[in-house]
Amino acid sequence: MDMYEQVIELAKRRGFLWNSFELYGGTAGFYDYGPLGSTLKRRIENIWRQLYVIEEGFMEIETPTIGIEEVFVASGHVGGFSDPLCECTECGEAYRADHLISGIIETADALSNEEVDKIILEHNITCPECGGKLGNATEFNLMFQTKIGPGSGRNGYLRPETAQGMFVNFQRLAKFYREKLPFGTTQIGKSYRNEISPRQGVIRLREFTQAEAEIFIDPSEKTHPEIARFENDVLTLYSQDAQKTGKPESMTIREAIDNNIIAHEFLAYQIALANNFLQRIGISPDKLRFRQHLKDEMAHYAIDCWDAEIWMERFGWVETVGIADRTDYDLMAHAKMSQEELAIYKEYDHPRMIRKFVVKPDMAKLGPLFRKKAKAVADELQKLDEESLSQEEISVIVEGEEYKIPSELITFEEVEEKVSGETVVPHVVEPSYGIDRIFYALMEHAFNTEKVASDDAEEEERTVLKLKSEVAPIQVAVLPLMGKTELSTPAKEIVRKLANRGILASYDESGTIGRRYRRNDEIGTPYAVTIDYDTLKDNTVTIRDRDTMKQVRTSIDTLENTLFELIHEKIRFEDAGVPL
RNA sequence: GCGCUGAUGGUCUAGUGGCUAUGACUGAGGCCUUCCAAGCCUUAAACCCGGGUUCGAAUCCCGGUCGGCGCACCA
């Protein structure tokens, strides 16, 4: 079994993760999170909230998973998130229709299916595989389509990303944040893509969880006031240049900014934040790198884009987070589609006096004179400079026709105007996390098998999920040394006390103590509390550390606080009690 | 979507026309047991789905589903 199989086997067996609809044979691209998996996933999401919502102040919102057509026309997903496919009528092989004709016509991807069919017919293009006749081009859109309402209804799509729900709420959000840049908003939720052929288990899903932040910033102000927090963090960066030599480089965030490796400070801050998050939840730093998108790989509107890539044994380097400066593309696209202004008014620190040349045509006279053309003529007049306007008779050309305007109908002057601000379409910096991929990576990085000495001198193997205590689904196992009433009663009291403190504890009295330790090792429970006969005498218990298997003895009275501090890494294990 | 390949208790697996389906681990109940998967007893649990061939199909054939690999695809 390779690493992937071992991890997936454990995940299935112990209730983390499995293929959905197994009862009916399963369906590719869908996975269920079991009792431990859901808990682990939620803990990952909550740490994400801690960083993005609580620490960064990007409040979370929740928008529908179904979107209307306009939204995805504006975002480009209706037109661009699909591929025209051509199937061979003989052998059944499917091809990208636009690829087939790209040698004949340059703008192949801009053609309609009918135009594509015509070109294929005209140039007598046949199946590259068997030479058979090609069928008509059909659109395969990666979005799940549905109808809203009964009958013919209106088209709806399951969202392919959570981002659009935040862009379309720009005006309300801007008001909420009292129209001051920068501000950000986040959303954790499901997105859907009808993948043609999803494989690789949880790495490519048809329904998946995204955690996205949309941060709206001033295009002229891409520094970050808190950059000092991360300046000295060392990251593995695989820049465009580094990719030419194939060697990722380690450097501090400060170096990356100063050497213009990352486009700007604000983006650098977001990359550092992602690095911080991934390591905090337990991604191994040596299996993490940030790879810059190559020029041709980046969306045309993006200034810079970096993927957090995580090493997984079977899949290699896998994209788990994308962090991009998307400029004003999304807001402009929705502004155009909706005919609404998606911008904020940015007040200057000090009002500026601007000298301005103003032309004032006398519309009361211009109107009757030129009738329907009056507006166009006036617009043309605005474009003229002082010299042209000083003529006896001023002429402008509108729709190829010359109009002569007597100078007395026009006045002009240079005025000084006070301008206190300007309208700005913010740029968007977007970190976009694929939670399911991160979830799997976390399990794989935590997965360990190690030899342990056993009684009969034979070496045994134990499986340990070395999850960070902060993300481990079960936080404490409470185990009476034996299943006797005198031990089980105080043990159950401890479970109750821990529950009241918000600690998820499990109770287990079946089989030997060793077996129960192993069971908990396998699901990553970081601490085990054992109640023995000494407990009855002196009110103390032992706490066992999962990774070292060492134990300390500590008092029951302060147990829930001791464990809470251990779980949240406020104290060291050796200081949690008297070492045994 | 194409080609190759596989699918047996919860997990891993033996069996390849005669089945009442092998074994291990795990689970449950009990005995024993004073800290790392010990032992003993009891017990639960499976042939991916649909068709065909055959007296008889888990086994052979066809189709589907799911997994793996290669190709294509991967905002």
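All figures in this text were calculated on a predicted structure; none of them were measured in a lab. Naming: A, B, ... by sequence-line order, numbering from 1 per chain. Values below: all heavy atoms of this structure, side chains included; hydrogens, waters and symmetry mates excluded.
- Minimum atom distance to the side chain of Ser197(A) is reached by rG1(B), of the listed rG1(B), rU34(B), rG68(B).
- In this structure, the nucleotide among rC35(B), rG1(B), rA37(B) sitting nearest to the side chain of Thr542(A) is rC35(B).
- The phosphate of rG9(B) has neither OP1 nor OP2 within less than 4.0 Å of any side-chain N or O from Arg13(A).
- For the C1' atoms, the distance linking rU54(B) with rU13(B) amounts to 29 Å, nearest Å.
- Glu9(A) places its CD atom 18 Å from the P atom of rG67(B), with the value rounded to the nearest Å.
- With the nearest nucleotide of RNA chain B identified for both Asp508(A) and Tyr517(A), Asp508(A) has the one nearer the 5' end.
- When the P atom is used for both rG18(B) and rC61(B), the distance is 15 Å, rounded to whole Å.
- Atom name P, nucleotides rC12(B) and rU26(B): the rounded distance is 15 Å, in whole Å.
- Closest to the side chain of Met482(A), out of rU33(B), rC66(B), rC35(B), is rU33(B).
- Ion pair Glu9(A)/Arg14(A) not flagged as a salt bridge, since none of the NZ, NE, NH1 or NH2 atoms sits closer than 4.0 Å to an Asp/Glu carboxylate oxygen.
- An OP1 or OP2 oxygen of rA38(B) is reached within less than 4.0 angstrom by a side-chain nitrogen or oxygen of Thr512(A).
- The separation between Glu509(A) atom CD and rA37(B) atom C1' is 18 Å, rounded to whole Å.
- Ranked by how close their nearest RNA chain B nucleotide is to the 5' end, Gly483(A) and Pro160(A) are led by Gly483(A).
- Protein atom CD of Glu5(A) is 14 Å distant from nucleotide atom P of rU11(B), rounded to whole Å.
- Phe167(A) has its side chain out of reach of Ser75(A): every pair of non-hydrogen atoms, C-beta onward, lies at least 4.5 Å apart.
- Side-chain contact annotation: Arg159(A) with Gln164(A), donor-acceptor N/O pair under 3.5 Å absent.
- When both distances must be under 3.5 Å, the Watson-Crick or G-U wobble mate of rC19(B) does not exist.
- Enclosure of atom NZ in Lys484(A) is not indicated, since only 12 or fewer non-hydrogen atoms of other residues, nucleotides or ligands lie within 6.0 angstrom.
- Pairing partner, rC73(B): none, since no Watson-Crick or wobble contact has both distances short of 3.5 Å.
- Pair assignment for rG67(B) gives rU5(B), based on Watson-Crick or G-U wobble hydrogen-bonding distances that are each under 3.5 Å.
- Rounded to the nearest Å, the gap between the C1' atom of rC62(B) and that of rU53(B) is 11 Å.
- Ring planes of Phe573(A) and Tyr527(A): parallel class, angle under 30° (limits at 30 and 60°).
- For the C1' atoms, the distance from rU33(B) to rC41(B) is 16 Å, rounded to whole Å.
- Atom name P, nucleotides rG6(B) and rG63(B): the rounded distance is 15 Å, in whole Å.
- The interatomic distance linking Ile196(A) (CD1) with rC74(B) (C1') rounds to 8 Å, in whole Å.
- At a threshold of 4.0 Å, the pair Lys550(A)-Asp545(A) does not count as salt-bridged, since none of the basic side-chain nitrogens sits closer than that to a carboxylate oxygen.
- Between Ile203(A) atom CD1 and rG67(B) atom C1' the separation is 15 Å, expressed in whole Å.
- At a cut-off of 3.5 angstrom, the base of rC49(B) holds no donor-acceptor pair with the side chain of Tyr24(A).
- Counting to the nearest Å, the C1' atom of rG29(B) and the CZ atom of Arg515(A) are 14 Å from each other.
- Between the side chain of Glu22(A) and the base of rC66(B), no donor-acceptor pair under 3.5 Å is found.
- Proximity of the aromatic rings of Phe170(A) and Phe216(A) is defined here by a centroid distance below 6.0 angstrom, and this criterion is met.
- Using a 4.0 Å heavy-atom distance criterion, Arg462(A) is classed as making no nucleic acid contact.
- Picking from rC73(B), rC35(B), rC69(B) the nucleotide with the shortest atom distance to the side chain of Arg314(A) gives rC69(B).
- For the C1' atom pair drawn from rG9(B) and rG27(B), the interatomic distance equals 11 Å after rounding to whole Å.
- rU53(B) is unpaired under the criterion used here, namely a Watson-Crick or G-U wobble arrangement in which both key atom distances are under 3.5 Å.
- Here the P atom of nucleotide rG67(B) and the OH atom of Tyr31(A) are 6 Å apart, to the nearest Å.
- Within the nucleic acid shown, Arg14(A) has no heavy atom closer than 4.0 Å to any nucleic acid atom.
- If you check distances only, the side chain of Arg516(A) never reaches the base of rC36(B) with a donor-acceptor pair under 3.5 Å.
- Under 3.5 Å, the side chain of Asn19(A) and the base of rC66(B) form no donor-acceptor pair of N or O atoms.
- Base pairing of rU43(B) is made with rG27(B), judged by Watson-Crick or G-U wobble geometry with both donor-acceptor distances under 3.5 Å.
- When distances are taken from the side chain of Arg204(A) to each of rC74(B), rG68(B), rU33(B), the shortest belongs to rC74(B).
- Look at rA38(B): it lacks any Watson-Crick or wobble partner with both distances under 3.5 angstrom.
- Taking the P atoms as reference points, rU8(B) lies 6 Å from rC48(B), given to the whole Å.
- With hydrogens and angles left out, the side chain of Arg199(A) and the base of rC74(B) share no donor-acceptor pair within 3.5 Å.
- For Tyr329(A) and His300(A), the ring centers are positioned less than 6.0 Å apart.
- Checked against rC36(B), rC35(B), rU33(B), the side chain of Arg518(A) finds its nearest nucleotide in rC36(B).
- Between the CE atom of Met549(A) and the C1' atom of rA37(B) there is a distance of 12 Å, given to the nearest Å.
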